[in-house]
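For this chain, numbers begin at 1 and follow the sequence in order. Every heavy atom of this structure was used, including side-chain atoms; hydrogens, water molecules and symmetry mates were not.
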Amino acid sequence: MPEGSADVVDWAHFEKARGELGPGFIRILSYFREDGVKSVAAIEQAMREANTVALVMPAHTIKGEARQFGAEPLAKAAELIESTARLCIETQRFPDELVADVVKLRSLFDQTIQLFDQATNPLLSRGGGAGGFGRKSANQGFGRI
């Protein structure tokens with residue numbers, strides 16, 4: 001797994017989900033990406049419009065899906081937004097204090113997606129270092145000693 005990424009993704013949980021979901025794993029992970037992009041955008045839009053009610057469902061969606069793949073910091077950030085928004089609905093006020101958390105949510109989501117891509121895309125996991133067109137290959141190659 002990518003170095004220094006354990007503080008963003010619980011890789012044991014991620015690999016467990018990969019094993020349990022089997023061949024559907026990549027497809028389900030792509031749904032996480034699609035839903036996440038929409039949810040983060042919806043949360044940002046709700047903050048711009050000062051719409052407390054519109055914060056709840058997209059934050060809830062990210063929270064659940066992030067936990068499924070071991071992205072606990074992302075899930076916790078979404079949970080804070082969701083629970084604060086729910087409380088603010090009850091007290092009939094807008095949660096201005098969530099601005100920094102929404103910014104953090106975007107950053108965590110982008111970082112999480114990048115790490116998931118590195119873990120699941122063999123072309124990204126190679127790092128684009130040696131080899132490739134116009135570069136001297138650093139590996140021995142097939143059949144060479």
**Request:** Say whether, by atom type as modelled, one donor and one acceptor occur between the side chain of Ser39 and the main chain of Gly36 under 3.5 angstrom.
**Result:** no
**Message:** Please tell me whether Ile28 and Ile26 are part of a single hydrophobic cluster in this structure, the criterion being side-chain heavy atoms less than 4.5 Å apart.
**Reply:** yes
**Asked** For Thr120 and Arg18, what are the C-alpha separation, side-chain angles and deciding distance, and is it a side chain to side chain contact (heavy atoms under 4.5 Å, CB included)?
**Response** CA-CA 10 Å; Thr120 59; Arg18 185 189 298 223; 3.6 Å; yes
**Asked** For the residue pair Phe116 and Phe32, does the interplanar ring angle fall in the parallel (under 30°), tilted (30 to 60°) or perpendicular (over 60°) class?
**Response** tilted
**Request:** Apply side chain to side chain contact (heavy atoms under 4.5 Å, CB included) to Arg33 and Ile113, showing your working.
**Result:** CA-CA 7 Å; Arg33 174 195 301 272; Ile113 290 298; 3.0 Å; yes
**Prompt:** Is there a path from Val99 to Val56 through hydrophobic residues (I, L, V, M, F, W, Y) whose side chains come within less than 4.5 Å of each other?
**Reply:** no
**Prompt:** What are the two closest non-hydrogen atoms of Thr52 and Ile89, and how far apart are they?
**Reply:** CG2-CG1, 3.6 Å
**Message:** Can you tell me how far apart CD (Glu65) and CG (Asp35) are? Round to the nearest 0.5 Å.
**Reply:** 4.0 Å
**Request:** Quick one: pull up CZ in Arg106 and CG in Leu74 and give me the separation to the nearest 0.5 Å.
**Result:** 11.0 Å
**Prompt:** Does the side chain of Glu82 reach to within under 4.5 Å of the side chain of Ile62, using non-hydrogen atoms?
**Reply:** no
**Message:** With side-chain contact (heavy atoms from CB on, under 4.5 Å) as the test, pick out the partner of Met47 among Val102, Ile81, Asp101.
**Reply:** Val102
**Item:** Considering all heavy atoms, the nearest Ala119-Phe14 contact
**Value:** CB-CE2, 4.1 Å
**Prompt:** Do Leu21 and Trp11 sit in the same hydrophobic cluster, where Ile, Leu, Val, Met, Phe, Trp and Tyr count as joined when their side-chain heavy atoms come under 4.5 Å apart?
**Reply:** yes
**Prompt:** In terms of ring plane angle, is the pair Phe69 and Phe25 parallel, tilted or perpendicular, where the classes change at 30° and 60°?
**Reply:** perpendicular
**Prompt:** Pro73 and Val8: which non-hydrogen atoms are nearest, and at how many Å?
**Reply:** CD-O, 3.3 Å
**Message:** Are Ser83 and Lys63 packed together at the side-chain level, in the sense that at least one heavy-atom pair is separated by less than 4.5 angstrom?
**Reply:** no
**Request:** For the pair Glu79 and Lys76, find out whether any cationic side-chain nitrogen is under 4.0 Å from an anionic carboxylate oxygen.
**Result:** no
**Connected via hydrophobic side-chain network under 4.5 Å: Leu55 and Met57** = no
**Message:** Can you tell me how far apart CG (Leu105) and CD (Glu44) are? Round to the nearest 0.5 Å.
**Reply:** 8.0 Å
**Asked** Do the side chains of Val53 and Ile43 join up, straight or via other hydrophobic residues, at under 4.5 Å, putting them in one cluster?
**Response** no
**Asked** So with a 6.0 Å cut-off around CD of Glu49, is the heavy-atom count from everything else above 12?
**Response** yes
**Request:** May I ask you to decide whether Glu90 forms a salt bridge with Arg86, counting only side-chain N to carboxylate O separations under 4.0 Å?
**Result:** no
**Request:** Starting at CG of Asp7, measure out to CD of Gln111 and round the result to the nearest 0.5 Å.
**Result:** 7.0 Å
**Message:** For a quick test of reading the model, state the closest non-hydrogen atom pair linking Ala54 to Ala46 and the distance between them.
**Reply:** CB-CB, 3.7 Å
**Asked** So, for Ala17 and Gln68, which heavy atoms are closest and what is the spacing to 0.1 Å?
**Response** CB-O, 3.5 Å
